[in-house]
Chemist: 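Just passing along the structure, written as structure tokens.
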Amino acid sequence: MRNVTLLLDDGQKFKGKSFGYDKPVAGEVVFNTAMTGYPESLTDPSYAGQMMVLTYPLVGNYGVPPFTFEANGLPTFMESDKIYASAIIVADYCEKYSHWNAKESLAEWLQREHVPGITGIDTRELTKVLREHGVMMGKIIFDDEPDNIPEAHYEGVNFVDQVSVKDVITYQPVEGSVAEGQKAKKVVLVDCGVKANIIRCLINRGCEVIRVPWNYDYTDMEFDGLFLANGPGDPDMCEDAVAIIRKQMSKSDKPICGICMGNQLLSKAAGAKIYKLKYGHRSHNQPVRMVGTNRCFVTSQNHGYAVDATTLGEEWEELFVNMNDGSNEGIRHKTKPWFSSQFHPEACSGPVDTEFMFDKFVSAL
């Protein structure tokens, strides 16, 4: 293992060892407090441009499942077609793994996909720095190549455009999920960096999913409902998508549901403004409350931006709020079947307490 240094933008340095692919890299340094789920997190396109710090101290002990794909093109165990995070930073990498479904080690996977990994970092101290300062850019530099310094930018980059599909893809409903004599409901899914399990949750409920690029004009298509997916980066870089959502809402009352980035884009279409959180929500244990009730849910989240709910249009209201910091966790229209969540009801990995959001959307079709 080669000696490496994580250099933060404020000048602080953390020394460690490389266990992944040996290349210098730069990106936005963010932390995730989940105890499990590194295969799902690494393949979540929402981590594009980011170096993921895991606060849980032991990582790699259950290896990596096979990277296989189903007949419909969806990965069996992952959330996309490759690793999207720029790097992974852990306290203690476990070289020996044990799990019934593991086919390779985390190190072997990272090396195969050319993604750096660092171990030996005091990730909890690093997380304290990020919580105090806020997320910041960082660089992984190899100590024996001190002049090979990478550069990267996060602000002002349209990461959604980088991760979204370029062509329309259609997924048929799972066999037996459509009632006999009934036709499958057609759902247009706007791909801003969608996790595979969102598509799974829809096709498992008898929907035909038409996956379109983030800036695709679907308003003249024949469909029953619109789904706005998650994705990386700043939603203010996606004005084309917002304009198309507004166009759709102006011509039809068809159901609309959004998740994560989808919540922010729907909120922007509703007139709201977006702001960047100090260090984001990335974990499996974010508590949210349904507004107007005492119903609380434990949720999986991965986002660095939030909706300023005070700027929503008069016809809209909050649906969920975060119980830790009071930030917005979802919105809904007061009279039309348009709603969203900032958290991930499909989880994967994480709790599935809120998967009813898919049932609510499908029942409205």
Side-chain angles (χ1 to χ4, degrees), residues 1-39 41-42 44 46-61 64 83-97 105-111 113-155 157 159 232-233 276-284 302-304:
M1 290 186 178
R2 294 170 65 186
N3 292 323
V4 294
T5 299
L6 172 64
L7 175 62
L8 299 180
D9 254 6
D10 66 353
Q12 294 191 65
K13 297 179 179 179
F14 291 81
K15 297 287 186 178
K17 300 277 188 178
S18 169
F19 74 93
Y21 188 70
D22 286 346
K23 73 171 182 181
V25 69
E28 186 179 53
V29 185
V30 301
F31 64 88
N32 186 319
T33 61
M35 296 173 65
T36 60
Y38 53 81
S41 292
L42 284 169
D44 180 352
S46 293
Y47 276 109
Q50 295 178 325
M51 298 197 289
M52 183 170 62
V53 179
L54 298 183
T55 60
Y56 191 69
L58 182 62
V59 178
N61 55 309
V64 176
I83 296 176
Y84 278 91
S86 297
I88 184 172
I89 301 167
V90 305
D92 186 6
Y93 170 63
C94 183
E95 295 183 32
K96 295 182 179 179
Y97 62 89
S105 69
L106 176 57
E108 290 169 332
W109 183 32
L110 293 172
Q111 291 161 12
E113 296 220 13
H114 293 188
V115 176
I118 304 179
T119 185
I121 299 288
D122 186 345
T123 55
R124 298 197 174 185
E125 177 60 29
L126 174 56
T127 298
K128 288 171 66 177
V129 171
L130 296 176
R131 285 176 63 93
E132 181 67 27
H133 180 280
V135 294
M136 66 182 99
M137 298 296 290
K139 301 173 182 178
I140 292 175
I141 302 170
F142 284 79
D143 292 0
D144 55 3
E145 297 181 34
D147 297 325
N148 191 357
I149 301 176
E151 296 292 338
H153 300 281
Y154 194 80
E155 300 292 340
V157 178
F159 286 102
K276 188 165 186 176
L277 294 165
K278 186 175 181 180
Y279 44 79
H281 298 155
R282 299 175 181 88
S283 66
H284 289 166
N302 175 21
H303 63 104

Chemist: Side chains of F14 and I118: does their closest heavy-atom pair fall under 4.5 Å?
Modeler: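 A side-chain contact is absent here, since even the closest heavy-atom pair is not under 4.5 Å.
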Chemist: Find the distance between CG (L106) and CG (N61) and round it off to the nearest 0.5 Å.
Modeler: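 One gets 10.0 Å once the value is rounded to the nearest 0.5 Å.
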Chemist: Could you point out which residue of M52, R124, R131 forms a side chain to side chain contact (heavy atoms under 4.5 Å, CB included) with F31?
Modeler: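 Looking at M52, R124, R131, the match for F31 under the side chain to side chain contact (heavy atoms under 4.5 Å, CB included) is R131.
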Chemist: In Å, rounded to the nearest 0.5 Å, how long is the span from OH of Y38 to CH2 of W109?
Modeler: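 If I round to the nearest 0.5 Å, the distance is 9.0 Å.
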Chemist: Which residue in the set V30, L6, V4, V59 passes side chain to side chain contact (heavy atoms under 4.5 Å, CB included) when paired with I89?
Modeler: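 When V30, L6, V4, V59 are each tested with I89, the side chain to side chain contact (heavy atoms under 4.5 Å, CB included) holds only for L6.
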Chemist: For side-chain contact (heavy atoms from CB on, under 4.5 Å), just list the numbers for I88 and I83, CA-CA rounded to whole Å, side-chain angles, deciding distance to a tenth of an Å, and then say yes or no.
Modeler: CA-CA 10 Å; I88 184 172; I83 296 176; over 6 Å; no
Chemist: Keeping to residues at least two apart or across chains, list the side chain to side chain donor-acceptor pair (under 3.5 Å) pairs with something in residues 47-57.
Modeler: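 Residue pairs passing side chain to side chain donor-acceptor pair (under 3.5 Å), neighbours aside: E28-Q50, N32-Y47, Q50-Y154.
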Chemist: Look at atom NZ of K276 and say whether more than 12 heavy atoms of other residues, nucleotides or ligands are closer to it than 6.0 Å.
Modeler: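 Atom NZ in K276 is packed in, count exceeds 12.
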Chemist: Would a distance-only check, ignoring hydrogens and angles, find a side-chain to backbone donor-acceptor pair under 3.5 Å from K278 to L130?
Modeler: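 A pair under 3.5 Å: no.
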Chemist: How long is the span from the NE2 atom in H133 to the CG atom in D9, to the nearest 0.5 Å?
Modeler: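 Here the rounded value is 7.5 Å.
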Chemist: What distance separates L126 CG from Q12 CD, expressed to the nearest 0.5 Å?
Modeler: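 Rounded to the nearest 0.5 Å, the CG-CD separation comes to 8.5 Å.
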Chemist: How long is the span from the OG1 atom in T33 to the NE2 atom in H284, to the nearest 0.5 Å?
Modeler: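 Nearest 0.5 Å value for the OG1-NE2 distance: 8.5 Å.
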Chemist: Listed by chain and number, what are the side-chain contact (heavy atoms from CB on, under 4.5 Å) partners of M1, not counting sequence neighbours?
Modeler: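 So M1 forms a side-chain contact (heavy atoms from CB on, under 4.5 Å) with K17, F19, Y93, E95, T119.
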Chemist: For H114, look at atom NE2 and say whether over 12 heavy atoms of other residues, nucleotides or ligands are found less than 6.0 Å away.
Modeler: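 Count over threshold, so yes.
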Chemist: List the residues meeting side-chain contact (heavy atoms from CB on, under 4.5 Å) with D143, not counting sequence neighbours, and say none if there are none.
Modeler: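 Partners of D143 by the side-chain contact (heavy atoms from CB on, under 4.5 Å) criterion, ordered by chain and then number, come out as N3, T5, K15.
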